[in-house]
Structure formats: C-alpha cells, structure tokens
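Everything on this sheet refers to the single structure shown next.
Every chain is numbered from 1, with letters handed out A, B, ... down the list of sequences.
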Protein chains: 2
Amino acid sequence: MSNLKTTPDDILACARALVTSGGYNSFSYADIAEVVGIRKASIHHHFPSKVDLVRTLVARYREDAAVGLAALEQNVQNPLEVLRAYADHWAMCIEDASRPFCVCALLASELPTLPPEVALEVKAFFRFISSWLTSIMERGSKEGSLNLESDPRIEAEAFMASVHGAMLSARAYGTPDVFATILAPTMARLSPANAH
Amino acid sequence: MSNLKTTPDDILACARALVTSGGYNSFSYADIAEVVGIRKASIHHHFPSKVDLVRTLVARYREDAAVGLAALEQNVQNPLEVLRAYADHWAMCIEDASRPFCVCALLASELPTLPPEVALEVKAFFRFISSWLTSIMERGSKEGSLNLESDPRIEAEAFMASVHGAMLSARAYGTPDVFATILAPTMARLSPANAH
DNA sequence: CACTTTCTACCTTCCAGTAGGAAGGAAATC
DNA sequence: GATTTCCTTCCTACTGGAAGGTAGAAAGTG
C-alpha cells in the first residue's frame, strides 16, 4: 500500500483543515509550515502564492467530490437513500470534527473578498453540487422514489441550502447532532411514504 | 430629525459592512479609517481593540434585531405572514446589496478562529433568533395558521438553516433572486392551505 | 479650565513573497 | 567506477508592507 504522502499533499491537507476552521484570511503560510514541519519558503516552492494554494485546494476538493459522489451513486441505487447518504456523510464529518465543514460553503460566505481565481472555483463547486443534486431529484421524481413538491432544480437548491444552513447551526451551537435534527424533517418530507 | 451620526456609529456601520462582505479577518482598522475619513488611532480611542469593536457590533446587531422583530410582531399578527416578512426582509437586503448578509451567519462560519468574546455574542444571536422563531412556530401551530410537520423547535431550526443556506447560495451564484426561489417551497409548505 | 476627540509618529509583530545557496538523487559522461 | 551535470527539494536570510496597538501632543468643546 502506498501510504507515501507527498509534501504538496500534506500542505494541501493542512490548508484544507485551516480553511475549514476559519476561512481564507484566517491562516498563513507560517501556520502550515509549523504543522507540516517544513519552512515557509519551501511551501512557496510547491505553491508560489497563497492564491495558487487555495485555488488548487478547491479544485481538488471538487474533483474528490465528483469521484465520491459517482461512487455513491454506484453503491446506492435509490435516490432517497443517496440523499440520505449524502446528509449522513456530512453528519459524520461534523461529529468527527476532522472535516467539520464543507470547504466551499465556508468560502462562499467570504466570496466578495476572495481573490477572483479562488472565487471562480468556489462558484464552480456550487454549480457542480447543484446539478448533481438536481439529477438525483429528477431521477427520484421519475421513479417515484422521491416525493417532490416543486421543480427538481428548486428542490435541489433548497436541499443544498438546508445542508449548508444546518452546518452553520451545528457550528454555532457547538452540538453536532443538531445537523441531523435539522435535516430530519427534510428527509422525511422527501420520502414517498409521506406523499399527500 | 436627528440625522447626526456620531463617529462611533459611523465606525460600527462601516465595520458591519466590512464584516458582512468578508468576515472578521478580512478587514483592518486602516480600511475603516479610509471610509470614515478618520485616522487609525482615532478608531482605537472609540474601540480600544478590534475585539471590542466587533463584540459591540454583534451585540448591537442583536439588540437591533430584537427591536425590529418585536415591531414586526406588533404590525403583523398572522405567524405565517410574520415568517414571510422575515424572509422578505432578507430577500430585500440581499437585492439591495447594502446589507447582503446576516452578520452572525457569516461570523458563525468562522467561529473556531474567532476571539472568544466575539464567538460568545455570535452564539447568543443564534439562540435568540432560534427562540424567537420557535415562539412564532408555536403560536402558528396553536392557532392553526401554520402547518407544521415537526416539533416547533425543530421547524424553527430548519427554517433558520434554510434562510442561512439560501443566503450562501445567493452569494455563490451572484443572483439575489435565488434566495426567494429557495425559500418559496418552505413558505408554501408552512401554509395551512397545503395541509395534508 | 477640564474633557473629549483627533492627530502625528512610532512600535512590534506578522504577513506573503524573493534571492540564493546547500543537500540529495539520477542520469549521463569520461 | 568516478566525476560531472542537472534537477528537485528544502534551507537561511531577507524585503517591503500591512497588521493591531501605543504615546503623547494638538485641536476642539463645554
């Protein structure tokens, strides 16, 4: 097994943790250097500027998400269960506190002050998740495995907003389980058992 | 009419605009000084430290919200209409781009890296809005003017999460109207006309 | 006069980023 | 097999600027 983490990977992982905890402006190259065990200048060798670093980070975050969501759709057929797995994924991340927040949800709040290159990547992530959720909603609607009350596209946006808002609340209250509590009514409503 | 804004008020207003656009770490005293037309050191006279400034800002933000929400409840009796007015308030703020984001929703995303004093105020704001929304939900549930599918407390949390998430999406897409679009299904579901 | 407000000037610390050299490995050349 | 060359990585040392904050004097106000 190839456990060999390269230095750029270590830097990106560390940067992701720092971004998720406080956003773009809350960390410095010095912070990363201390955690990774390397000098500041060495980070500049791998990522010439902070913009390069975070742009790469967000782009890779989106790629990883694409792979993960594709795998999820392979393993789980029922659209309702796919959405549940998606929500559960975040619930577990929040409880683990290892990846307690969606990188892009956090960066989106800072969008007006973000460097343009990073802002573009963040916006692309939103469009990606939105279109993926829309496709799930459409499939569920056709199959009858999802109980939609609105257009699939709107349901997808509303679902994403609930997930992001629930992340915020979980962070504000400091109690991870409110995430699942907030999502529960949404999941219940989407279940065809509750169709009216 | 007393249009006379005091200097501390100007500073707070400017700080609020800067916080809503990029969070705690995205602005400096120098930024405020430039906008208000004052020197950096003069700001320190009114707010000795940045923590003092933002703590005061959030505390006053909550007081203003308390006054505004109390007035809203005076003017509008129907709980459903209260919620609609609450959502419309944010929709207008987002379209005006003057106050395009809830200060505390934004600061909540930075909570782990926020100075403790500020973090406390932000958490207090969440509890305040949550309990206010809960009281509205309870009243609407008793009166039959709101169609709740879950516990009023949970409905309140879910509603707040939707609002916050919709703010994020509106910012990410750069199209303010998606806020109203996302909230529409939630509002429709709460209407007693849609009871099942 | 006392008090508040604002100013200039300065401090320390941190920031992103740069210059240039040392260490190491991998070929390619002798 | 030893030496030279090249490239990657990481280092020390530094720069210019911006950060939050301070000291103390000047200007305004009751």
For residues 49-56 of chain A, which residues have at least one heavy atom under 4.0 Å from DNA chain C? A/Ser49, A/Lys50

Selection: residues 35-46 of chain B, any non-hydrogen atom under 4.0 Å of DNA chain C: B/Ile38, B/Arg39, B/Ala41, B/Ser42, B/His45, B/His46

[X] side chain vs [Y] backbone, donor-acceptor pair below 3.5 Å:
X	Y	result
A/Asn147	A/Arg189	yes
B/Gln77	B/Gln74	yes
A/Asp64	A/Tyr61	no

Please identify each residue that fulfils ring-ring contact (aromatic ring centres under 6.0 Å, His included) with B/Tyr173, with sequence neighbours left out. none

Quick one: ring-ring contact (aromatic ring centres under 6.0 Å, His included) partners of A/His46, sequence neighbours excluded? none

Counting C-beta onward and ignoring hydrogens, is there a side-chain heavy-atom pair between A/Leu107 and A/Phe125 closer than 4.5 Å? no

Is the closest side-chain heavy-atom distance between B/Leu80 and B/Pro192 below 4.5 Å? yes

On the nucleotide C/dT5, are OP1 or OP2 found under 4.0 Å from the side-chain N or O atoms that B/Thr7 carries? no

Under 4.0 Å between a side-chain N or O of B/Ser28 and OP1 or OP2 of D/dA19? yes

Please evaluate residues A/Ser130 and A/Glu157 with respect to the criterion side-chain hydrogen bond (donor to acceptor under 3.5 Å, both in side chains), reporting the C-alpha separation (whole Å), side-chain torsions for both, the decisive distance (0.1 Å), and the verdict. CA-CA 6 Å; A/Ser130 165; A/Glu157 298 290 357; 2.8 Å; yes

Distance in angstrom units between [X] [atom1] and [N] [atom2], rounded:
X	N	atom1	atom2	result
B/Glu34	D/dA18	CD	C1'	13 Å
B/Tyr29	C/dT12	OH	P	21 Å
A/Tyr24	C/dC15	OH	P	14 Å

Does NZ or CZ of A/Lys50 come closer than 6.0 Å to the centre of the six-membered ring of A/Phe27, within 45° of the ring's axis? yes

Pick base, sugar-phosphate or nothing for A/Phe27, based on heavy-atom distances below 4.0 Å to the nucleic acid. sugar-phosphate

Do A/Asp52 and A/Ser49 pass the side-chain hydrogen bond (donor to acceptor under 3.5 Å, both in side chains) test, and can you show the C-alpha distance, the side-chain angles, and the key distance before you say yes or no? CA-CA 5 Å; A/Asp52 293 320; A/Ser49 78; 3.1 Å; yes

Between N or O atoms, less than 3.5 Å apart, protein on one side and nucleotides 26-30 of chain D on the other: list the pairs.
none

Just checking B/His164 against B/Phe126, ring centres under 6.0 Å apart? yes

Give the cluster check for A/Ile154 versus A/Ile129: same hydrophobic cluster or not, with ILVMFWY residues linked at side-chain heavy-atom distances below 4.5 Å. no

Check this for me, if you would: do B/Arg60 and B/Asp9 make a salt bridge, where the nitrogen-to-carboxylate-oxygen distance has to be below 4.0 angstrom? yes

How bent is the helix from C/dA2-D/dT29 to C/dC30-D/dG1, measuring the angle between the end axes built from five pairs each, rounded to 10°? 10°

